[in-house]
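Working notes, structure below.
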Amino acid sequence: MFNYSAPSDSLKDRVILVTGAGDGIGAAAAECFARHGATTILLGRTVKKLEVIYDRIEAAGGPQPALFPLNLESATESDYNALAVAIEENFGRLDGLLNNASLLGSLTPLEIYPLEVWNQVMQVNVNASFALTRFMLPLLRLSSDPSIVFTTSSVGRKGRAYWGAYAASKFATEGLSQTLSDELNTTQENIRVNCINPGATRTRMRAMAYPGEKPETLPGGTDIMPLYLYLMGPDSRGVTGQSIDAQGEKSPADYNA
Ligand code: NDP
């Protein structure tokens, strides 16, 4: 695992938006951020799942979260705008954005890959991350230590047969992250932008992609949180344009100047 141990209050008073917060890694991240003091905004498409995470954060004594149900496949400019207005009214700024929600799509040769599924995967994994990030930038500028994290995958760095739209979407995610990081560097803004590759993690998506694998052999979402805490917290200040493995052997010393 990424070798980092966050102080228990490392995210105190931060406001962090997590997409896909109702399940899998997004749910683990929202709970973990709240345990470290953050007020979380839980965005996802299934209200019931978001409510479960909301209740768990409250039961654990974390700061009261906010819920924002949104289907990223059909979200429009006015939805993103409404979210920005709600965050500004309630919190006055945004300190962290974790673009985590994704669809796996079909594991199918490109030659017969269904166009409809291709478009769905690109819409959720790439277009929605771009649109959400674009609408959140003005709020992130109001933070004293803003951080944007995108979620990539090993197939976003090297293509693999049959991973189709998912692989292409993760390459696009890496490109989006690098381009935004470079732009914000050029304008000397302090917003850092990085990618996390979670690595094989015990979730619903992983089980769909690898039905023959024994889930109990994999780390759970909570186990891979050190890198998420590092990139959302003050210790990663100045680190930008990186794509880091949550289950790699690196540590902050490899990235901090
Ligand atoms: P899950 O499928 O377990 O969770 C994905 C989350 O995204 C769910 O909460 C889901 O909501 C949400 N989501 C999907 N579509 C939409 C949509 N249209 N609108 C809003 N929310 C949506 O996946 P993981 O937790 O495994 O994956 C999290 C991230 O990590 C993804 O970006 C994935 O690509 C990446 N990743 C995961 C790996 C793994 O081994 N698990 C490995 C490498 C990368 P709902 O529950 O309502 O469906």
Side-chain angles (χ1 to χ4, degrees), residues 1-2 17-32 40-54 56 67-76 79-80 83 97-105 107 116-117 119-133 148-158 160 163-174 176-177 194-211 213-225 227-228 231 243-248:
M1 287 300 154
F2 187 78
L17 171 59
V18 179
T19 71
D23 208 345
I25 295 168
E31 288 192 66
C32 177
T40 50
I41 302 166
L42 312 175
L43 187 153
R45 65 178 167 181
T46 311
V47 179
K48 276 199 174 130
K49 288 187 179 183
L50 296 176
E51 285 172 350
V52 169
I53 304 307
Y54 182 103
R56 287 173 61 125
L67 283 190
F68 200 87
L70 184 64
N71 186 340
L72 293 170
E73 198 182 321
S74 53
T76 62
D79 293 315
Y80 295 117
L83 174 60
L97 167 59
L98 174 59
N99 283 299
N100 161 84
S102 278
L103 287 178
L104 176 64
L107 296 176
E116 196 187 334
V117 178
N119 289 334
Q120 283 170 342
V121 171
M122 288 303 188
Q123 189 61 32
V124 173
N125 298 11
V126 184
N127 300 348
S129 290
F130 157 66
L132 183 63
T133 303
I148 301 172
V149 174
F150 291 94
T151 309
T152 184
S153 162
S154 55
V155 294
R157 297 173 183 160
K158 187 169 192 317
R160 197 183 307 155
W163 282 73
Y166 182 83
S169 77
K170 294 302 183 180
F171 270 88
T173 299
E174 297 260 3
L176 177 58
S177 177
N194 296 285
C195 274
I196 291 180
N197 169 24
T201 308
R202 192 175 63 242
T203 66
R204 205 166 43 100
M205 184 189 286
R206 178 76 192 181
M208 278 196 293
Y210 295 89
E213 191 173 65
K214 289 200 173 90
E216 61 274 17
T217 61
L218 299 175
T222 308
D223 301 316
I224 64 166
M225 284 300 125
L227 177 59
Y228 288 76
L231 287 180
S243 181
I244 311 179
D245 293 342
Q247 299 189 43

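When a ligand or atom number is given, it counts from 1 through the structure's own listing order. These numbers come from the heavy atoms of this one structure, side chains and all, not from hydrogens, waters or symmetry mates.
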Polar side-chain atom of Asn119 near backbone of Glu116 as donor-acceptor pair, under 3.5 Å = no

Between OG1 on residue Thr222 and CD1 on residue Ile25, distance to nearest 0.5 Å = 10.5 Å

Numbered atoms and elements of ligand 1 in range of Gly24, under 4.0 angstrom, heavy atoms = 3 (O), 25 (O)

From the options Asn71, Thr152, Asn99, select the one whose nearest heavy atom is closest to atom 18 (N) of ligand 1.
-> Asn71

May I ask you to check if ligand 1 and Ala21 share an N or O to N or O distance below 3.5 Å?
-> no

Nearest heavy atoms of Ala29 and Met225, plus distance in Å | CA-SD, 3.6 Å

Which protein non-hydrogen atom lies closest to atom 30 (O) of ligand 1, naming both residue and atom, and how far is it?
-> Thr151 CG2, 3.3 Å

About how many Å separate CG of Leu98 and OG1 of Thr40, when rounded to the nearest 0.5 Å?
-> 11.5 Å

Looking only at non-hydrogen atoms, find the nearest pair between Glu73 and Gln123 and report the distance.
-> O-CG, 3.4 Å

Distance (rounded to the nearest 0.5 Å) between Ile196 CD1 and Thr173 OG1 | 13.0 Å

Is there a donor-acceptor pair closer than 3.5 Å between any side-chain N or O of Arg206 and the backbone N or O of Ala200?
-> no

N/O to N/O below 3.5 Å, does that happen between Arg206 and ligand 1?
-> no

Which atom names give the shortest non-hydrogen contact between Asp245 and Leu227, and what distance separates them?
-> C-CD2, 3.7 Å

Protein heavy atom at shortest distance from atom 5 (C) of ligand 1 = Ser102 O, 4.0 Å

Please tell me if the side chains of Tyr228 and Cys32 come closer than 4.5 Å, counting only heavy atoms from C-beta onward.
-> no

Do any heavy atoms of Leu104 fall under 4.0 Å from ligand 1?
-> no

Of Thr19, Val47, Thr201, which has the heavy atom at the shortest distance from atom 40 (O) of ligand 1?
-> Thr201

Looking at OG1 of Thr133 and CZ of Phe150, how far apart are the two atoms once the value is rounded to the nearest 0.5 Å?
-> 3.5 Å

Examine ligand 1 and decide if any of its atoms is less than 4.0 Å from a heavy atom belonging to Leu70.
-> yes

Checking heavy atoms under 4.0 Å, the part of Asp23 that sits near ligand 1 is both

Are any of the N or O atoms of Ala101 closer than 3.5 Å to those of ligand 1?
-> no

Please state which protein non-hydrogen atom is closest to atom 10 (C) of ligand 1 and give its distance, to 0.1 Å?
-> Arg204 NH2, 4.2 Å

With a cut-off of 4.0 Å, which atoms of ligand 1 are near a heavy atom of Lys49?
-> 45 (P), 46 (O)

Can you see which heavy atom on Leu231 is nearest to which on Ile244, and at what distance?
-> CD2-CD1, 4.4 Å

What protein heavy atom sits nearest atom 2 (O) of ligand 1, and how far away is it?
-> Met205 CB, 3.4 Å

At a 4.0 Å threshold, what atoms of ligand 1 neighbour a non-hydrogen atom of Ala200?
-> 40 (O)

Just jot down the ligand 1 atoms closer than 4.0 angstrom to any heavy atom of Gly20, in number order.
-> 6 (C), 7 (O), 9 (O), 12 (C)

For Lys170 and ligand 1, answer yes if some heavy atom of the residue is under 4.0 Å from a ligand atom, otherwise no.
-> yes

Could a heavy atom of Gly199 be found less than 4.0 Å from some atom of ligand 1?
-> yes

Could you find the nearest protein heavy atom to atom 43 (C) of ligand 1 and give me its residue, atom name and distance?
-> Pro198 CD, 3.7 Å

Checking side chain to side chain contact (heavy atoms under 4.5 Å, CB included) against Leu43, which of Leu50, Leu67, Val18, Leu83 comes through?
-> Leu83

Could you check atom 32 (O) of ligand 1 against the protein and tell me its nearest heavy-atom contact, residue, atom and distance included?
-> Asn100 O, 2.7 Å

Could you find the nearest protein heavy atom to atom 34 (O) of ligand 1 and give me its residue, atom name and distance?
-> Tyr166 OH, 2.5 Å

Counting N and O atoms only, with roles assigned by atom type, does the side chain of Lys49 sit under 3.5 Å from a partner on the main chain of Ala21, one being a donor and the other an acceptor?
-> no

re atom 47 (O) of ligand 1, the protein heavy-atom contact at minimum distance is Thr46 OG1, 2.4 Å

For the atom pair OG1 (Thr46) and CG (Asn71), what is the distance rounded to the nearest 0.5 Å?
-> 8.5 Å

Give yes if a backbone or side-chain nitrogen or oxygen of Ile25 is under 3.5 Å from a nitrogen or oxygen of ligand 1, and no if not.
-> yes

